[in-house]
Peer 1: 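This is the structure I want to talk about, given as structure tokens.
All of these numbers come straight from a predicted model, not from anything done at the bench. Per chain, numbering begins at 1; letters A, B, ... match sequence-line order.
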Amino acid sequence: MNTEKKVRVRFAPSPTGGLHLGGVRTVLFNYLFAKHYGGDFILRIEDTDQTRFVAGAEEYIFECLKWCGIEPDESALHSGPYAPYRQSERKPIYKGYADKLVEAGHAYYAFDTPAELEEMRSRFKTDENPSPQYNHLLREKMRNSLTLGNEETQRLLAEGTAHVIRIKMPVDEEIKFTDMIRGEVSFQSSQTDDKVLLKADGMPTYHLAVVVDDYLMKITHAFRGEEWLPSAPVHVLLWKYLFGLENMPQWAHLPLILKPDGNGKLNKRDGERLGFPVFAMNWTDPRTNEFTQGFREKGFLPGAFVNMLALLGWNDGTGQEIFTLNELVEKFSMERVHKGGAKFDYEKAKWFNHEWIKNSGAEDLADKVVAAFADKGISVTKDKKLEKVVALVKERCTLLPDFVQQAGFFFQAPVEPDISAIKPKWDEKKQLFFAELIRTLELSTLWEHEDLEKSFKELAATQQLKPGDLMLPLRIMLVGGKFGPGVFDIAAIIGKEETIHRIKYVLGLL
RNA sequence: GGAGCGUUGGUCAAGGGGUUAAGACACCUCCCUUUCACGGAGGAAUCACGGGUUCGAUUCCCGUACGCUCUACCA
């Protein structure tokens with residue numbers, strides 16, 4: 001690794017929609033790596049495809065990072081010494097580099113229209129070669145500065161004929177580089193096509209832009225998904241031609257996050273189909289109104305989300321699974337990232353959140369619980385009572401909205417208590433017991449859970465009833481169902497008046 | 001079709017020449033708990049296959065199979 005230079009990494013999303021798991025994990029690994037080495041994390045918006053502009057997508061990305069607790073050191077919002085950080089605003093920069101490549105003979109002008117390209121593909125398509133490439137063989141048959149000659153090329157250029165600039169891939173050259181995760185990777189230049197570098201609209205393609213910007217922004221380590229591996233030789237060549245291989249960042253191609261069932265990259269349809277979020281936060285596509293669920297709104301804690309993502313393809317080798325962001329920064333290393341893709345397991349994701357909820361203090365959880373109630377139209381205030389309740393039920397909550405179910409009865413009497421759970425075994429003796437219990441409670445001045453349990457059991461003993469047969473009815477009266485913390489804890493918190501009220505109410509239904 | 005990358009229990013995975021092949025999730029059984037959870041104890045792998053190298057291969061090498069990714073003037 002290049003230790004003399006300050007580590008600088010970048011996440012370079014294309015703002016075309018919501019950020020999914022894989023994207024967030026790429027951000028995370030970038031961030032963890034940079035911070036581990038005390039380096040900078042840059043967010044660069046790759047919006048060179050003007051036809052794919054989606055309103056709100058960029059803001060969404062920033063909000064996701066914020067929610068995850070990941071703050072870029074430089075970005076379109078934070079600015080910095082290498083601004084602008086939006087490629088569309090850097091448009092004038094790229095052409096010069098493309099021209100330079102043409103002059104050096106490493107790239108050429110191509111005048112083929114989209115229709116001509118399509119025609120070429122269908123003409124050369126065979127069973128053996130289902131997708132013909134614009135490569136060192138086919139470029140001889142196309143309309144470009146290689147086949148047209150200098151005079152004709154100049155004439156077309158002067159006339160303003162639409163054209164692109166393509167890289168001229170060497171005919172037979174081995175291109176290799178060392179990937180931080182995979183080790184040495186090599187390619188034959190003849191296997192890669194002459195990728196377009198500069199589009200007809202003057203915008204660079206990803207291939208040119210990524211190399212130019214990584215150079216200009218002094219990026220030292222470049223991490224991206226494994227799907228980029230096949231085009232890596234183009235980038236390596238561009239580095240060689242433009243800025244020197246010795247200045248090229250270290251690459252790491254991250255393993256993919258796969259569908260839980262079957263195979264293939266996880267996508268938002270899988271989430272919809274299998275019932276779990278795939279995006280970090282809710283996202284509605286402004287063009288289609290298509291809605292995709294997010295982890296945040298589903299009730300995940302950002303720490304849990306980040307923790308879960310980090311462990312998808314990485315581990316510290318000790319068996320530890322719960323990490324805070326700071327711990328991850330401290331422990332992370334690219335060498336311990338897995339090579340193979342990982343199937344996403346929503347059950348495990350929920351386990352992480354459950355662990356995080358259990359480990360969180362009631363005070364820290366309170367605001368989020370208030371919000372979860374508010375989402376269901378129930379207003380609760382953040383006070384000592386709420387904190388007690390949260391502490392009592394948090395181990396039963398996997399997702400934030402679970403608090404509404406698990407703690408709702410502390411604030412609202414059960415609307416439809418599950419009478420059927422006790423009715424079959426209900427009898428006169430029990431009826432009498434509870435009537436007497438009400439009288440006892442009304443007289444009681446002590447209201448701690450121990451006091452309540454004691455008087456309850458004493459009363460049961462005097463009536464020669466087993467406390468066990470009476471606990472469930474009491475629970476149904478106070479909670480409404482067969483769940484929740486200890487009944488006397490509940491009675492202690494909801495108070496005398498409410499406890500008596502609920503007992504009376506259910507007694508009336510039996 | 002081609003190229004590249006990958007392959008340890010259902011899933012995430014540790015380990016990387018000699019191990020009883022960790023741990024976690026999920027699942028099942030039991031314990032704890034007069035509810036539900038939490039917690040605890042158990043339960044599953046001839047390390048894709050075939051050849052090498054080696055005294056010995058899950059671990060190294062070569063094949064094969066399978067899977068994935070890419071194969072756009074998208075990223």
Peer 1: Kindly assign one of parallel, tilted or perpendicular to the pair A/F187 and A/F177, based on the angle between their ring planes and the thresholds 30° and 60°.
Peer 2: parallel

Peer 1: Just checking A/L117: base, sugar-phosphate only, or nothing, at a heavy-atom cut-off of under 4.0 Å?
Peer 2: base

Peer 1: Would you indicate, yes or no, if B/rU69 has its OP1 or OP2 atom less than 4.0 angstrom from a side-chain nitrogen or oxygen of A/H253?
Peer 2: no

Peer 1: Is the gap between the ring centers of A/F344 and A/F276 under 6.0 Å?
Peer 2: yes

Peer 1: Identify which nucleotide among B/rA37, B/rG23, B/rA75 has an atom closest to any side-chain atom of A/K199, counting heavy atoms from C-beta outward.
Peer 2: B/rA75

Peer 1: Pick base, sugar-phosphate or nothing for A/K265, based on heavy-atom distances below 4.0 Å to the nucleic acid.
Peer 2: sugar-phosphate

Peer 1: Please work out if A/T126 contacts a base, only the sugar-phosphate, or nothing of the nucleic acid, heavy-atom cut-off 4.0 Å.
Peer 2: nothing

Peer 1: Could you go over nucleotides 18-20 of chain B and give all protein N or O partners under 3.5 Å, atom names and distances?
Peer 2:
none

Peer 1: To the nearest Å, how far apart are A/D402 CG and B/rC36 C1'?
Peer 2: 13 Å

Peer 1: On the 0 to 90° scale, with breaks at 30° and 60°, tag the A/F332-A/W314 ring pair as parallel, tilted or perpendicular.
Peer 2: tilted

Peer 1: Mind checking who B/rU29 pairs with, Watson-Crick or G-U wobble, both distances under 3.5 Å?
Peer 2: B/rA41

Peer 1: Of the non-hydrogen atoms in A/V393 and A/P485, which two are nearest, and what is the gap between them?
Peer 2: CG1-CG, 3.7 Å

Peer 1: B/rC12 P sits how many Å from A/E355 CD, rounded?
Peer 2: 20 Å

Peer 1: Quick check: closest heavy atoms across A/K394 and A/A391, and the distance to 0.1 Å?
Peer 2: CG-O, 3.9 Å

Peer 1: Counting side-chain heavy atoms from CB outward, which of B/rC5, B/rA72, B/rU69 is closest to A/S131?
Peer 2: B/rA72

Peer 1: What's A/G313 touching, base or sugar-phosphate or nothing? Going by heavy atoms closer than 4.0 Å.
Peer 2: sugar-phosphate

Peer 1: Here's a test for you: under side chain to side chain donor-acceptor pair (under 3.5 Å), which of A/K168, A/R139, A/R166 qualifies with A/D194?
Peer 2: A/R139

Peer 1: Please measure how far the C1' atom in B/rU8 lies from the corresponding atom in B/rG4, and state the result in whole Å.
Peer 2: 23 Å

Peer 1: Any base atoms under 4.0 Å from A/R336, or only sugar-phosphate, or nothing? Heavy atoms, all strands.
Peer 2: sugar-phosphate

Peer 1: Quantified in whole Å, what is the P atom distance between nucleotide B/rU11 and nucleotide B/rU46?
Peer 2: 13 Å

Peer 1: Pick the P atom in B/rC47 and in B/rU19, then give their distance to the nearest Å.
Peer 2: 13 Å

Peer 1: To the side chain of A/F187, which of B/rU35, B/rA3, B/rA13 is closest?
Peer 2: B/rA3

Peer 1: As a test of reading the structure: which of B/rA75, B/rC5, B/rA72 is closest to the side chain of A/L229, going by heavy atoms?
Peer 2: B/rC5

Peer 1: So if I take every side-chain heavy atom of A/D49 and compare against B/rC74, B/rC25, B/rU34, which nucleotide ends up nearest?
Peer 2: B/rC74

Peer 1: Taking NZ, NE, NH1 and NH2 as the nitrogens, is one of them in A/R44 or A/D214 under 4.0 Å from a carboxylate oxygen of the other?
Peer 2: yes

Peer 1: Starting the side chain at C-beta, find the nucleotide from B/rA37, B/rG1, B/rC25 nearest to A/D345.
Peer 2: B/rC25

Peer 1: For nucleotides B/rG23 and B/rG42, find the distance between their P atoms and express it as a whole number of Å.
Peer 2: 10 Å

Peer 1: Distance check, C1' atoms only: B/rU59 and B/rC68, in whole angstrom units.
Peer 2: 24 Å

Peer 1: Which nucleotide, in any strand shown, forms a Watson-Crick or G-U wobble pair with B/rU35, with both distances under 3.5 Å?
Peer 2: none

Peer 1: Which part of the nucleic acid, if any, lies within reach of A/A342 when heavy atoms closer than 4.0 Å are counted: base, sugar-phosphate only, or nothing?
Peer 2: sugar-phosphate

Peer 1: When rounded to the nearest Å, what value does the distance between C1' atoms of B/rC49 and B/rG6 take?
Peer 2: 16 Å

Peer 1: Under a 3.5 Å distance rule, please check whether A/N267 uses its side chain to pair with a backbone N or O of A/D270 as donor and acceptor.
Peer 2: yes

Peer 1: So A/K358, base contact, sugar-phosphate only, or nothing? Heavy-atom distance under 4.0 Å.
Peer 2: sugar-phosphate

Peer 1: Students often get this wrong, so: under 4.0 angstrom with heavy atoms, is A/G484 touching a base, only sugar-phosphate, or nothing?
Peer 2: base

Peer 1: Rounding to an integer number of Å, can you tell me how far A/E58 CD sits from B/rA75 P?
Peer 2: 16 Å

Peer 1: Regarding A/T48, tell me which of base, sugar-phosphate or nothing describes its non-hydrogen contacts under 4.0 Å with the strands shown.
Peer 2: sugar-phosphate

Peer 1: In whole Å, measure the gap between the P atoms of B/rC5 and B/rU64 for me.
Peer 2: 15 Å

Peer 1: Once you apply a heavy-atom cut-off of 4.0 Å, does A/L256 come out as touching a base, just sugar-phosphate, or nothing?
Peer 2: sugar-phosphate

Peer 1: With a 4.0 Å cut-off on heavy atoms, is A/E395 in touch with a base, just the backbone sugar-phosphate, or nothing at all?
Peer 2: base

Peer 1: What distance, rounded to whole Å, do you find between the two C1' atoms, one in B/rA45 and one in B/rA14?
Peer 2: 14 Å

Peer 1: Under 3.5 Å, is there an N or O donor on one side and an acceptor on the other linking the side chain of A/K348 and the base of B/rA24?
Peer 2: yes

Peer 1: If you check the A/R52 side chain, which of B/rA3, B/rC74, B/rU69 turns out closest?
Peer 2: B/rC74

Peer 1: Under 6.0 Å between ring centres: does that hold for A/Y206 and A/H235?
Peer 2: yes

Peer 1: Nearest to the A/H354 side chain among B/rA13, B/rC5, B/rC38, which nucleotide is it?
Peer 2: B/rC38

Peer 1: Taking atom CD of A/E416 as the centre, report whether more than 12 heavy atoms of other residues, nucleotides or ligands fall under 6.0 Å from it.
Peer 2: no

Peer 1: Which part of the nucleic acid, if any, lies within contact of A/P485, taking any heavy atom under 4.0 Å across all strands shown: a base, the sugar-phosphate backbone alone, or nothing?
Peer 2: base

Peer 1: Between A/E395 and A/K358, does any side-chain N to carboxylate O distance fall below 4.0 Å?
Peer 2: no

Peer 1: Looking at B/rA13, B/rU69, B/rC73, which one has an atom nearest to any side-chain atom of A/P114?
Peer 2: B/rC73

Peer 1: Checking all strands, does A/V185 fall into the base, sugar-phosphate, or nothing category for heavy-atom contacts under 4.0 angstrom?
Peer 2: sugar-phosphate

Peer 1: Nearest to the A/Q133 side chain among B/rC25, B/rG1, B/rU71, which nucleotide is it?
Peer 2: B/rU71

Peer 1: Taking only N and O in the side chain of A/N315, is any of them less than 4.0 Å away from OP1 or OP2 of B/rA13?
Peer 2: no

Peer 1: So what does A/D112 touch, heavy atoms closer than 4.0 Å: a base, only the sugar-phosphate, or nothing?
Peer 2: base

